[in-house]
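Remarks on the structure that follows.
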There are 2 protein chains.
Amino acid sequence: MLSKKTKYGLKALTYIARKGNNEPVQIGEIAKNEHISQKFLESILLTLRKSGFLGSKKGKHGGYYLIKKPSDILMTDVMRVLEGPIALVSCVSLNFYEKCDDCPDEASCSVNKLMIQVRDSTLNVFKNNTLEDISR
Amino acid sequence: MLSKKTKYGLKALTYIARKGNNEPVQIGEIAKNEHISQKFLESILLTLRKSGFLGSKKGKHGGYYLIKKPSDILMTDVMRVLEGPIALVSCVSLNFYEKCDDCPDEASCSVNKLMIQVRDSTLNVFKNNTLEDISR
DNA sequence: GTAATCCCTATTAAGTCGATAGGAATAATA
DNA sequence: TATTATTCCTATCGACTTAATAGGGATTAC
């Protein structure tokens with residue numbers, strides 16, 4: 001299951017992208033319109049800023065804005081920041097690889113074999129979707 | 001992330017399938033060879049039996065055996081029993097659909113749009129893999 | 001200088017997961 | 001019949017994670 005963090009993060013990015021202009025958008029506005037806890041959203045946007053997706057302006061009339069064009073923001077990158085590994089088991093993760101303690105031989109592991117396929121097909125979807133695509 | 005329940009369940013099914021014959025295989029043997037907590041595996045095999053994947057024989061020389069041919073056991077079915085919904089959000093689940101409380105309109109929801117694609121591509125992998133395929 | 005906003009850290013309540021415990025029921029076999 | 005090996009069932013526990021909350025600091029517009 002997708003975490004609420006990821007879900008809210010995607011919704012917030014979409015919200016900002018749909019505004020079109022480069023004016024900073026306030027947390028409160030997004031929270032209200034997307035029905036998200038404001039404090040929770042605050043921490044999510046902070047994460048997105050620190051990972052280079054959003055810029056921020058402090059103080060009155062401050063807010064968050066996109067740093068790149070929506071068409072340049074790939075879902076692979078967003079998902080990895082918000083949700084973590086895309087693979088369902090760490091032994092098939094490209095960016096977060098870890099050997100399983102129980103499994104002595106990945107080549108003969110049926111779970112490994114299946115999950116590689118899932119990873120690749122999911123990755124394919126994320127590679128082919130930018131923020132612009134899902135905001136349409 | 002895949003739960004250990006699912007991972008162990010798949011490994012156990014594979015283990016039984018690879019034996020080839022229809023002799024009951026004991027929990028202890030599987031647990032030992034696959035490095036799984038025996039008691040935990042016990043509950044998983046119970047689930048698989050109750051959902052019609054495995055038959056069991058009680059008492060001495062008892063154990064679990066496959067009810068269907070490995071080539072007739074689809075990963076879609078196994079995954080739904082062990083892991084639950086295949087979709088990452090319930091609002092795109094085919095078998096466990098539930099409306100999101102926050103989202104007023106699925107048609108305009110970017111998360112919905114993206115997750116439908118993920119669901120379909122994952123589903124496609126599971127549809128095209130039987131227990132025989134992953135046991136090879 | 002005041003109000004609005006982002007920034008940061010800490011804490012908490014609830015839920016889930018993996019594992020464990022203990023014994024009941026059943027079947028093979030000596 | 002007694003013994004042993006196995007599945008069956010329910011209950012419980014500790015560790016971890018998640019979503020949310022709290023409180024105040026820093027910064028900026030006006």
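Chain A is the first sequence line, chain B the second, and so forth, proteins listed ahead of strands; every chain is numbered from 1. Note: hydrogens, waters and symmetry copies are ignored here, and every other heavy atom, side chains too, is used.
- For B/Tyr15, the side chain to side chain donor-acceptor pair (under 3.5 Å) partners are B/Glu29, B/Asn33, not counting sequence neighbours.
- Interface residues of residues 33-49 of chain B facing DNA chain C, ordered by number: B/Ser37, B/Lys39, B/Phe40; criterion, heavy-atom separation under 4.0 Å.
- A side-chain donor from one of A/Thr130 and A/Asp133 sits under 3.5 Å from a side-chain acceptor of the other.
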Check: residues 41-53 of chain B side-chain donor-acceptor pairs under 3.5 Å, at least two apart:
| unit_1 | atom_1 | unit_2 | atom_2 | d |
| --- | --- | --- | --- | --- |
| B/Ser43 | OG | B/Phe40 | O | 2.7 |
| B/Thr47 | OG1 | B/Ser43 | O | 3.0 |
| B/Ser51 | OG | B/Thr47 | O | 2.4 |

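- Distance CG (B/Leu2) to P (C/dC17): 12 Å, rounded to an integer number of Å.
- Within the 3.5 Å criterion, the main-chain N or O of A/Ile86 finds no donor-acceptor partner in the side chain of A/Arg80.
- Proximity of A/Val118 to A/Met115: side-chain heavy atoms (C-beta onward) are separated by under 4.5 Å at one or more points.
- Under the side chain to side chain donor-acceptor pair (under 3.5 Å) criterion, B/Gln117 pairs with A/Asn129, sequence neighbours left out.
- End-to-end axis angle for the helix from C/dG1-D/dC30 to C/dA30-D/dT1, using five pairs per end and rounding to 10°, comes out at 10°.
- The shortest side-chain heavy-atom distance between A/Pro24 and A/His61 does not fall under the 4.5 Å cut-off.
- One finds a side-chain N or O of A/Tyr64 lying less than 4.0 angstrom from the OP1 or OP2 phosphate oxygen of C/dC7.
- Criterion: ILVMFWY side-chain heavy atoms under 4.5 Å apart, direct or through other members. Under it, B/Phe126 and B/Val89 are not part of a common hydrophobic cluster.
- Scanning residues 80-96 of chain A for heavy-atom distances under 4.0 Å to DNA chain C yields an empty list.
- For the side chain to side chain donor-acceptor pair (under 3.5 Å) test, no residue two or more places apart in sequence or in another chain qualifies with A/Thr122.
- With a 4.5 Å cut-off on side-chain heavy atoms, B/Leu10 and B/Thr6 count as touching.
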Could you encode protein contacts along nucleotides 25-30 of chain C as a string, one character per nucleotide from 5' to 3', using B for base contact, S for sugar-phosphate-only contact and - for no contact, with a heavy-atom cut-off of under 4.0 Å? -BBBS-
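- Applying the side-chain hydrogen bond (donor to acceptor under 3.5 Å, both in side chains) test to every pair with at least one member in residues 66-79 of chain A, sequence neighbours left out, gives no pairs at all.
- Side-chain atoms of A/Leu54 and A/Ile67, non-hydrogen and from C-beta on, never get closer than 4.5 Å to each other.
- With contacts defined as side-chain heavy-atom distances shorter than 4.5 Å, the pair A/Val125/B/Leu114 qualifies.
- A/Gly28 comes within contact range of no nucleotide atom at all, as no heavy-atom separation falls under 4.0 Å.
- Remark: the backbone N or O of A/Ser93 is not paired with any side-chain donor or acceptor of A/Arg119 at under 3.5 angstrom.
- If you check residues 8-22 of chain A against DNA chain D, the residues with a heavy atom closer than 4.0 Å are A/Tyr8, listed by number.
- Look at CD1 on A/Ile27: it is 12 Å from P on C/dC8, rounded to the nearest Å.
- Side-chain contact between A/Leu13 and A/Leu66: present, with at least one pair of heavy atoms (C-beta onward) separated by less than 4.5 Å.
- Mapping B/Lys50 and B/Gln26 onto DNA chain D via the closest heavy atom, the residue that lands nearer the 5' end is B/Gln26.
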Under 3.5 Å donor-acceptor pairs involving side-chain atoms of residues 97-104 of chain B, not counting sequence neighbours:
| unit_1 | atom_1 | unit_2 | atom_2 | d |
| --- | --- | --- | --- | --- |
| B/Tyr97 | OH | B/Glu106 | OE2 | 2.6 |
| B/Lys99 | NZ | B/Cys103 | O | 3.0 |
| B/Asp102 | OD1 | A/Lys7 | NZ | 3.2 |
| B/Asp102 | OD2 | A/Lys11 | NZ | 3.0 |

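- In this structure the side chain of A/Leu2 reaches within 4.5 angstrom of the side chain of A/Met79, judged on heavy atoms.
- The heavy-atom pair separating B/Gly9 from B/Leu82 by the smallest distance is CA-CD1, 4.0 Å.
- Close approach of DNA chain D to chain A, defined as any atom under 4.0 Å from a non-hydrogen atom of the protein, starts and stops at D/dA19 to D/dC30.
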